[in-house]
Amino acid sequence: MITALTTPIVTDPVLIFLIVLVIILLAPLLLNKIKIPHIIGMIVAGVIVGPYGIGLLARDASFQIFGQVGILYLMFLAGIEIDMYHLKKNLKKGMTFGTYTFLIPMVLGTVTSRYFLNLDWLTSILLASMYASHTLVAYPIISRFGLTKSSTVIITIAGTIVTVLGALIVLAVCVGIHNDGEFNASEVLMLMLRLVIYSLAVIYIFPRVTRWFFKNYSDSVMQFIFVLAMVFLASSTAGLIGLESVLGAFFAGIVMNRYIPNMSPLMNRIEFVGNAIFIPYFLIGVGMLININVVFKGWDTLYVALIMSAVATLCKWLAAWATQLTYHMPALDRKMIFGLSNAQAAATLAAVMIGFNIGMFDEAVLNGTIVMILVTCTISSIVTERAAARMKMEQIENAEQNAASSSSHNQNTMIAVANPLTVPGLVELAVLMRNPYDRSGHLYAAHVRSDNSAGSKAIGRNALELAIQTGASVDTEVRPIERYDLNFVTGLTNTVEERDISEVIIGMHRKSTVIDSFFGTKIERLLESTHKMVVITRCFIPVSTITRIVVSVPDKAQYEMGFKHWVTAIANLTQQLGCRVIFCCNAEVKSYIRGVLHSEKYEIRNEYRDVEEWDDFVLLANRILDDDLFIVVNARRASVSFNPSMEELPTFLQKHFSRNNLIVLYPEQFGDGAITVSAYNPLGGDVASNPGEWWLTLSHYWRRLIQLRKRFTHRNRIKKIDI
């Protein structure tokens with residue numbers, strides 16, 4: 001092996017960091033013009049400036065530390081960005097791919113090493129385990145294209161964990177046989193036992209600690225530091241018990257996935273820091289390990305490098321092809337699986353160094369491994385880039401077709417802001433309820449004041465600035481609206497009409513006096529003045545810590561014009577939080593909700609509980625937990641789904657759900673015609689604008705009388721709604 005330069009040209013820490021930043025900056029700018037993934041550029045840059053290139057930089061402790069952090073960060077991002085619903089749904093496919101991508105390299109790699117490289121059987125098996133393991137070097141490409149929740153990506157990640165575990169076991173067995181001269185089954189069993197105990201401990205402890213911390217500490221910096229501390233705690237613990245530290249980082253991402261929504265400020269910070277610093281450092285460090293000169297050292301080294309690179313690439317392609325045939329997947333999925341799984345880096349390098357240090361591998365295998373890392377990383381990056389681009393184009397085309405068929409106008413959302421303390425929660429809820437693929441609508445934050453005092457202006461502008469900052473933290477533009485009007489309701493109503501607002505999100509009123517109503521006068525008048533969807537929210541805990549969403553749906557809700565809108569909004573919220581949603585409704589409404597979720601292609605965990613009468617949601621009072629979000633779908637007077645028992649809603653909510661996280665949702669109703677607002681009475685509105693709707697109110701009261709009679713006859717009947 002050729003010796004690296006002992007004295008690097010640059011030793012000043014500031015200059016070293018500057019050179020690294022310049023590489024991170026210029027690699028994408030230069031290579032994007034020639035259609036080459038910038039990941040290759042960072043690896044090649046590491047080769048050039050590293051000890052085996054011009055010797056500008058040494059692979060000192062900083063590169064070793066940041067490089068190790070980078071690979072851990074890479075696996076953590078892979079775990080935290082996985083959609084848990086899709087993981088469970090595709091777990092079988094992932095296990096199948098993991099089996100293929102482990103067994104095929106083990107068999108083919110052992111045979112080729114024995115007969116083409118003339119290695120003994122034990123060394124051939126160890127070398128084959130290096131082919132079996134792989135590193136998700138191309139994962140940043142997937143993240144950049146926004147395909148982290150793709151089923152193909154999830155299958156590949158699940159298979160990665162299977163094959164890395166298998167390679168780890170093979171490595172332990174081969175090293176044990178080489179050192180002791182015999183196979184020691186007890187060591188393998190102890191390794192498996194430690195793995196099981198470790199997994200159970202992480203699954204049980206990490207979610208509870210994370211939920212407690214996020215509930216009690218909302219500071220963004222503290223939350224970010226907490227997440228990093230948990231990741232490295234899991235990684236270091238895994239290393240101490242003989243497991244790969246990358247497995248610990250991945251497990252930490254899986255168990256903390258639930259509490260870090262994809263469209264949240266915390267996720268944005270995690271991805272930014274990883275993709276800007278840690279992961280590029282890892283890629284540059286990988287390049288510094290590569291010594292191109294070994295290719296020209298002799299025919300033996302070149303021959304070994306060619307055999308190893310060809311076998312490693314062929315095995316991963318065969319594994320992807322076998323998975324495609326097994327599940328009848330399209331060719332694009334095969335390319336994506338092959339591209340992601342072909343790169344050999346961290347685990348391979350660790351295995352070859354162990355084998356070299358104990359004398360199982362010679363210098364030719366070590367040099368051949370270095371060349372194999374460069375070849376496989378290059379192929380992986382190019383194939384993944386092309387497959388991801390095609391997959392993203394198909395995803396965009398499907399999203400545009402669905403948007404064109406499902407909606408004829410933009411979905412503009414307006415958040416009514418007044419108190420700066422509640423603004424971040426309202427903006428976060430609004431972002432989570434929006435379709436992340438539909439960028440046609442706008443998100444507004446409106447503050448309405450009725451006086452021009454300096455204090456009122458300062459509070460309003462502070463709230464609007466905070467709304468803009470919260471939106472920017474999740475790469476979402478929030479357009480501020482500062483309005484002076486006759487009163488709060490008039491200002492919001494006029495803004496709704498002027499900006500073509502489709503939904504209004506507002507914080508729930510807090511009762512200040514005994515005679516004060518539950519919703520408050522402003523919200524009640526707002527509901528009378530607009531037929532658009534109004535979302536009234538009150539959450540005592542961060543939205544990201546919600547474990548379930550329970551939705552109470554009235555009869556005939558499917559006949560309201562805003563039915564599809566509120567169903568998709570709740571589906572978006574459920575999908576972003578990764579929790580399950582439970583719809584409490586009758587059988588007829590249930591079929592329509594399922595139809596909307598199916599037509600809009602929402603793959604979320606949805607369950608249904610049959611409820612005979614709308615106000616039976618009171619029976620849910622003891623079933624709603626502190627970490628649940630209870631959503632009540634209500635209706636305005638004289639609308640199709642209105643029930644006279646809804647008049648008792650404020651009393652029920654105040655009595656039975658005063659301590660629960662609550663959303664009262666009024667769907668868009670009464671068609672497209674605007675409600676007439678009198679100039680003399682701007683807070684009033686002619687809700688029952690259609691004279692022919694009088695019979696509908698009478699029918700509701702008649703149905704209510706029948707229900708009361710039924711309840712009186714069966715007052716001893718006990719109904720249970722188990723959620």
Side-chain angles (χ1 to χ4, degrees), residues 406-416 429-430 432-435 441 492-493 496-497 500-506 508 519 523-537 549-574 581 583-586 588-597 599-600 602 606 611 614-615 617 629-647 649-650 653 662-675 685 687-690 693 696-697 700:
S406 62
S407 177
S408 58
H409 63 280
N410 296 335
Q411 300 294 334
N412 296 320
T413 303
M414 183 176 69
I415 308 167
L429 178 65
L432 294 177
M433 295 182 72
R434 289 167 61 87
N435 187 345
L492 286 185
T493 304
V496 166
E497 298 301 327
D500 191 23
I501 301 297
S502 58
E503 60 186 16
V504 179
I505 298 179
I506 187 171
M508 187 168 291
F519 289 123
I523 293 180
E524 291 175 351
R525 291 175 177 173
L526 176 64
L527 293 171
E528 294 174 355
S529 303
T530 179
H531 64 274
K532 300 295 185 179
M533 187 172 92
V534 178
V535 179
I536 309 167
T537 175
I549 299 177
V550 182
V551 187
S552 176
V553 187
D555 298 344
K556 299 183 179 179
Q558 70 273 22
Y559 299 122
E560 302 288 358
M561 68 168 300
F563 174 76
K564 185 176 182 179
H565 186 184
W566 70 256
V567 172
T568 55
I570 294 177
N572 289 327
L573 179 62
T574 305
V581 58
F583 293 98
C584 300
C585 57
N586 60 28
E588 186 178 2
V589 179
K590 170 184 173 181
S591 61
Y592 280 89
I593 293 176
R594 282 183 167 175
V596 172
L597 297 179
S599 63
E600 297 298 315
Y602 283 104
N606 56 96
V611 176
W614 181 83
D615 54 358
F617 72 83
L629 175 62
F630 185 39
I631 300 180
V632 180
V633 180
N634 209 342
R636 297 172 176 85
R637 276 182 170 274
S639 62
V640 177
S641 60
F642 179 78
N643 190 310
S645 60
M646 293 180 178
E647 298 286 354
L649 175 65
L653 294 179
L662 181 65
I663 287 180
V664 182
L665 190 150
Y666 286 83
E668 183 176 359
Q669 294 164 323
F670 304 116
D672 294 327
I675 299 176
V687 179
S689 57
N690 187 353
E693 292 183 349
L696 191 58
T697 304
H700 284 315

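No experiment lies behind these values; they were computed from the predicted model shown.
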Taking side chain as C-beta onward, heavy atoms only, is [X] less than 4.5 Å from [Y]?
X: Leu649; Y: Val664; result: yes
X: Gln558; Y: Val596; result: no
X: Ser529; Y: Thr493; result: yes
X: Val632; Y: Leu653; result: yes
X: Val535; Y: Trp566; result: no
X: Leu432; Y: Asn572; result: no
X: Leu662; Y: Met508; result: yes

Checking side-chain contact (heavy atoms from CB on, under 4.5 Å) between Ile663 and each of Ile631, Ile570, Ile549, which is the one that passes? Ile631

Please determine whether a side-chain nitrogen of the Lys or Arg among Glu647 and Arg637 lies less than 4.0 Å from a carboxylate oxygen of the Asp or Glu. yes

Do we see a donor-acceptor contact under 3.5 Å between the side chains of [X] and [Y]?
X: Glu560; Y: Ser641; value: yes
X: Asp555; Y: Asn586; value: yes
X: His565; Y: Glu668; value: no

Using only atom types and a distance under 3.5 Å, with no angle test, would you say the side chain of Thr530 pairs donor to acceptor with the backbone of Leu527?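 Absent.
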
Within the distance-only criterion (no hydrogens, no angle test), does the side chain of Asn412 pair as donor or acceptor with the backbone N or O of Ile501 below 3.5 angstrom? no

Nearest 0.5 Å, what's the CG-CD distance between Asp500 and Gln411? 9.0 Å

Quick one: CZ on Arg594 to CZ on Phe583, what's the gap to the nearest 0.5 Å? 11.0 Å

Begin from the C-alpha positions of Leu573 and Leu629 and carry the test side-chain contact (heavy atoms from CB on, under 4.5 Å) through to its verdict. CA-CA 11 Å; Leu573 179 62; Leu629 175 62; 3.9 Å; yes

